[in-house]
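Lettering follows sequence order; numbering is per chain, from 1. All of these numbers come straight from a predicted model, not from anything done at the bench.
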There are 2 protein chains.
Amino acid sequence: MVMGRSDAARRGETAGRPAAQAAAELVLQQYFPYRLARLAEQVSLAVAEVYSERFSLTRQEWRVLAILGARQEIATKEIGPLTTLDKMQVSRAVQGLETRGIASRKPHPDDRRELIVSLTSAGRTLYRKIVPYALEREAALLAVLTEEEAEVLDRVMRKMSAALT
Amino acid sequence: MVMGRSDAARRGETAGRPAAQAAAELVLQQYFPYRLARLAEQVSLAVAEVYSERFSLTRQEWRVLAILGARQEIATKEIGPLTTLDKMQVSRAVQGLETRGIASRKPHPDDRRELIVSLTSAGRTLYRKIVPYALEREAALLAVLTEEEAEVLDRVMRKMSAALT
DNA sequence: CCAAGTTCGTAACAGATGTTACTATCTGCT
DNA sequence: AGCAGATAGTAACATCTGTTACGAACTTGG
């Protein structure tokens, strides 16, 4: 399946003219990268209602919070790889969380360049409050799929992601 | 399939403690909205090599160019819905294209608020140059999938997108 | 035919994001 | 020990993006 071509292009011809030079026709609405970006944006928006509108966190802060919720402590430098944020984004997100009293930082005892981040108890409370909503959103999204569609989707995402590494 | 929960959470318990309060554990790496955003970003980056690095267009300009390539002329106000860009993004993208001599604008004869956009011949040449690369990228992405995986993916994207409208 | 409201596109500001380069600290090599 | 890199985090700047609000042009109801 070649998603982004028009039917005419798939047949190797361009509207009007019969197949001369190989068709170079791209239909944006059918172009896979565009469709994927669009869907991801829709999903992101739907999920952002949870952490952004209800709890006024940025997307980056939410990601960091999600990581922090699963561990007691974590070195700042580990956050980036886990959240796909660069170090500046992590720095800003953690600062944001610290400012609101959601996270706190302390120096690493053996390496004074590093900082160790953890949730405050207020942060942990917030985490426990948000997560059910976040999981609910995810479940609602996946609920429109059949069991096997969800499985294929999972596989497809892994495959593509791996192919792009 | 509930992607974003840990196995323990799926069993209704949290590490160490047996199932007491309903598990509220979220594993970011398995959380569907995160995974989708990540994949879309990877794909976007891979495709951006084509229009951004090789031809120094922004994502928005590329979308507008893609629309323009399929039509002779188009009213500015029609571009937004077709590209999922808001009117300010369209305004900037078209300006960018105009500045580089890729697109040109003329006033609408019957409504002087509107502008009609079309590609210059340089723009059309650029379009014909880019499109094969863009389609190649798409094909390479889809090539990692089986025929039926691609079909399910197509269906899944439609379903989800529709559910979020 | 004209006041009130709407639509089109953009200017201008504000806020977010990416980039560069810097400080402080650590590590390894001689 | 002491110096040449490497690494962690951030300040400061440049750029991009979103938002508000505006001027110009159109439409509509009285």
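Rounded to whole Å, the distance from NZ on K106(B) to P on dG9(C) is 15 Å. In this entry the distance linking CD of Q95(A) with C1' of dA12(D) reads 13 Å, nearest Å. With rounding to whole Å, K77(A) atom NZ is found 14 Å from dT10(D) atom P. Taking atom CE of M88(A) as the reference point, atom C1' of dG18(C) lies 10 Å away to the nearest angstrom. Straight-line distance from the CZ atom of R105(A) to the C1' atom of dA8(D): 12 Å, rounded to whole Å. Rounded to whole angstrom, the span from the NE2 atom of H108(A) across to the C1' atom of dC26(C) amounts to 12 Å. Going from atom CG of D86(A) over to atom P of dT7(D) covers 17 Å, rounded to whole Å. Residue L85(B) contributes atom CG, which lies 14 Å from atom P of dG9(C) at whole-angstrom precision.
The phosphate of dT10(D) (OP1 or OP2) has a side-chain N or O of S91(A) nearer than 4.0 angstrom. Remark: T76(A) is not in phosphate contact with dA8(D), judged by side-chain N or O atoms under 4.0 Å from OP1 or OP2. Considering only side-chain N and O atoms, R92(A) lies nowhere under 4.0 angstrom from the phosphate OP1 or OP2 of dT19(C). Not one side-chain nitrogen or oxygen of R112(A) sits closer than 4.0 Å to the OP1 or OP2 atom of dT23(C). Distances shown here put every side-chain N or O of Q89(A) at or beyond 4.0 Å from the OP1 or OP2 atom of dA16(C). Close to dT17(D), at under 4.0 Å from its OP1 or OP2, lies a side-chain N or O of Q60(B).
Among the protein residues, E78(A) comes within range of no part of the nucleic acid, since none of its heavy atoms lies under 4.0 Å from any strand. Across all strands, R59(A) comes closer than 4.0 Å to no nucleic acid atom at all (heavy-atom distances). Note on K87(A): a base of the nucleic acid sits closer than 4.0 angstrom, heavy atoms only.
Taking only side-chain atoms of E114(B), from C-beta outward, the nucleotide of dG9(D), dC8(C), dT25(C) with the closest atom is dC8(C). Among the nucleotides dA8(D), dC8(C), dT10(D), the one closest to the side chain of R113(A) is dA8(D).
With hydrogens and angles disregarded, a donor-acceptor distance shorter than 3.5 Å links the side chain of T99(B) to the backbone of Q95(B).
Y133(B) OH: 12 or fewer foreign heavy atoms inside a 6.0 Å radius.
Residues I116(A) and L82(A) do not share a hydrophobic cluster, clusters being chains of Ile/Leu/Val/Met/Phe/Trp/Tyr side chains in contact below 4.5 Å.
Of the options R35(A), R38(A), Q42(A), a side-chain hydrogen bond (donor to acceptor under 3.5 Å, both in side chains) to S161(B) is made by Q42(A) and by none of the others.
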Verdict with supporting geometry, R105(B) and E73(B), salt bridge (charged side-chain N to carboxylate O under 4.0 Å, His left out): CA-CA 9 Å; R105(B) 289 186 285 186; E73(B) 297 191 327; over 6 Å; no

Pair Y34(B)-T84(A), side chain to side chain donor-acceptor pair (under 3.5 Å): steps then yes or no: CA-CA 10 Å; Y34(B) 172 72; T84(A) 334; 2.3 Å; yes

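Closest-nucleotide positions on DNA chain C for P109(A) and T58(A) were compared, and the one nearer the 5' end corresponds to T58(A). Mapping L115(A) and D110(B) onto DNA chain D by nearest heavy atom places L115(A) closer to the 5' end of the strand.
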